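Here's the structure we're looking at; comments come further down.
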Amino acid sequence: MTTVQKTKGIGFSEEDLEILNSPIGLRYLYGDKKTDVVKALRMTKYEIQLKELQVELIKLQNWYITNEKKIVIIFEGRDAAGKGGAIRRLTAHLNPRHFRKVALPKPTSEEKGQWYFQRYVNQLPMPGEMVLFDRSWYNRAVVEPVNDFCTQKQYKTFMGQVNDFERMILESDTHLIKLYFSITKEEQKCRFKDIQTSPLKKWKMTPVDERAQELWDEYTKYKLKMFEHTDTELSPWVVIEADRKTKARIEAIQHVLNTIPYAKKD
């Protein structure tokens, strides 16, 4: 009797057993030395659902290319919230010639003298293109004031201009989606520990990350101000509960697909 068959009497449906006996299910079931049937079932369902959504994303891309539509998706959230992982899953099977991921470095001395939004304007999509911002102009709403990277005057100027800036984007026939990945303080601490102890990930840790736990309450204060002022009817925020990365990725992709009226939606 196989491990999958033994689980039948402890709350698994016939459908669950069929999923576990699929090639994906067996890979998760026997991929680790210690078998965890519940986790294997959860991960198999996740991968199956993710692949279905990625097929829809290809339809979405064909639609915006054919119709020369412009799409901007903002990924915001605390450090280690899973923004980059969600972007990778969303774009995994898309044509790279028709989307761009934008993660801007610190502004140059020249950029510091420009209108704050200028360097973001330069990254906005052309017709038939989607741009995904891994952090965006909202750096000035939270990260910069918390870490004293901008003055209070600069912060207030930004808050006074951002809604009009987004209105102009929307009125230029561009779809704008704002996603905020929300994690708990305990989960962030756990992810930082994983990053710091992994030789493959520790390069991700920055001085800003190292102070994130210490400044947790300050980040919360500015995050709430950001929501209060910029969560508008025209350009709303969508909060993704991201303590479980797989669930967050699915919800983020589902929201993108549900929001944009692409053709042949399934």
Side-chain angles (χ1 to χ4, degrees), residues 2-5 7-8 11-32 35-77 81-101 125 128-134 175-183 236-266:
T2 68
T3 304
V4 177
Q5 290 171 330
T7 65
K8 187 175 180 181
F12 290 88
S13 67
E14 290 292 338
E15 183 183 359
D16 291 340
L17 296 178
E18 186 176 340
I19 290 171
L20 284 168
N21 278 301
S22 69
I24 298 173
L26 293 173
R27 172 162 54 83
Y28 278 112
L29 195 61
Y30 299 114
D32 296 326
T35 300
D36 185 335
V37 181
V38 174
K39 181 181 178 182
L41 180 62
R42 186 178 74 245
M43 292 303 297
T44 304
K45 286 181 175 180
Y46 159 70
E47 188 164 326
I48 291 171
Q49 188 176 14
L50 180 63
K51 288 182 181 298
E52 291 172 349
L53 294 174
Q54 287 170 333
V55 170
E56 289 299 309
L57 286 167
I58 293 172
K59 294 180 186 178
L60 168 62
Q61 186 177 58
N62 290 335
W63 172 80
Y64 73 70
I65 294 171
T66 301
N67 294 278
E68 297 192 327
K69 297 296 184 180
K70 296 171 288 185
I71 300 173
V72 173
I73 307 176
I74 289 173
F75 291 76
E76 287 289 344
K83 302 179 292 296
I87 292 172
R88 286 193 294 275
R89 271 66 179 188
L90 193 154
T91 60
H93 299 286
L94 299 184
N95 184 335
R97 291 193 296 273
H98 296 279
F99 79 84
R100 282 183 290 120
K101 173 191 169 184
E129 188 179 37
M130 177 169 65
V131 172
L132 306 100
F133 284 94
D134 186 352
H175 294 274
L176 173 62
I177 297 175
K178 301 191 301 191
L179 303 176
Y180 186 90
F181 285 68
S182 178
I183 56 173
W237 279 102
V238 175
V239 177
I240 306 291
E241 298 297 334
D243 272 8
R244 179 171 287 178
K245 292 180 180 180
T246 52
K247 182 173 178 288
R249 292 164 185 165
I250 293 293
E251 288 184 5
I253 295 173
Q254 284 176 329
H255 180 75
V256 170
L257 293 171
N258 290 335
T259 301
I260 300 174
Y262 65 98
K264 299 181 181 178
K265 184 180 293 191
D266 185 1

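It should be emphasised that the depicted structure is a prediction, and the values quoted were computed from it without experimental measurement.
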> Rounded to the nearest 0.5 Å, what separation is found between the CG atom of Leu20 and the NZ atom of Lys45?
Replying inline: 8.5 Å

>> Would you compute the distance between atom CD1 of Ile260 and atom NE2 of His175 and round it to the nearest 0.5 angstrom?
In response: 6.0 Å

>> Show me the pairs that pass side chain to side chain donor-acceptor pair (under 3.5 Å) and involve residues 63-73, at least two apart or across chains.
In response: Gln61-Tyr64

> Can you list the residues that meet the side chain to side chain donor-acceptor pair (under 3.5 Å) rule with Arg244, with sequence neighbours excluded?
Replying inline: none

>> Rounded at 0.5 Å granularity, tell me how far CZ in Phe181 sits from CD1 in Ile240.
In response: 5.5 Å

>> Taking the side chain as everything from C-beta on, heavy atoms only, tell me whether Glu47 gets closer than 4.5 Å to Thr246.
In response: no

> CD1/Ile65 to CE/Met130 distance, rounded to the nearest 0.5 angstrom?
Replying inline: 9.5 Å

> Nearest 0.5 Å, what's the CD-NZ distance between Glu76 and Lys83?
Replying inline: 7.0 Å

> Is the closest side-chain heavy-atom distance between Tyr262 and Leu257 below 4.5 Å?
Replying inline: yes

>> With heavy-atom distances below 4.5 Å as the criterion, would you say the side chains of Glu56 and Glu52 are in contact?
In response: no

> If you look at every heavy atom in Ser22 and Thr44, which pair is closest and at what distance?
Replying inline: OG-CG2, 4.1 Å

> Quick one: side chain to side chain contact (heavy atoms under 4.5 Å, CB included) partners of Val38, sequence neighbours excluded?
Replying inline: Phe12, Asp36

>> My understanding is that only residues two or more places apart in sequence, or in another chain, count here; which of them pass side chain to side chain donor-acceptor pair (under 3.5 Å) with Lys247?
In response: Glu251

>> Going by side chain to side chain donor-acceptor pair (under 3.5 Å), name the residues that satisfy it together with His255, two or more places apart in sequence or in a different chain.
In response: Thr259

>> Checking side chain to side chain contact (heavy atoms under 4.5 Å, CB included) between Ile74 and each of Leu179, Leu176, Val238, which is the one that passes?
In response: Leu176

> Are Leu50 and Ile253 close enough that some pair of their side-chain heavy atoms sits under 4.5 Å apart?
Replying inline: yes

> How far apart are the closest heavy atoms of Ala81 and Ala242, and which atoms are they?
Replying inline: O-CB, 3.6 Å

N/O donor to acceptor pairs below 3.5 angstrom from side-chain atoms of residues 85-96, sequence neighbours left out:
unit_1 : atom_1 : unit_2 : atom_2 : d
Arg89  : NH1    : Gly85  : O      : 3.4
Thr91  : OG1    : Ile87  : O      : 2.9
His93  : NE2    : Gln54  : OE1    : 3.4
Asn95  : OD1    : Arg97  : N      : 2.9

> Quick one: CG on Asn62 to NE2 on His98, what's the gap to the nearest 0.5 Å?
Replying inline: 9.5 Å

> Which atoms form the tightest heavy-atom contact between Val72 and Pro125, and what is the distance?
Replying inline: CG2-CD, 3.4 Å

> Are any of the side-chain heavy atoms of Leu60 and Val256 separated by less than 4.5 Å?
Replying inline: yes

>> Which heavy atom of Ser182 sits nearest to which heavy atom of Val239, and what is that distance?
In response: CB-CG1, 3.9 Å

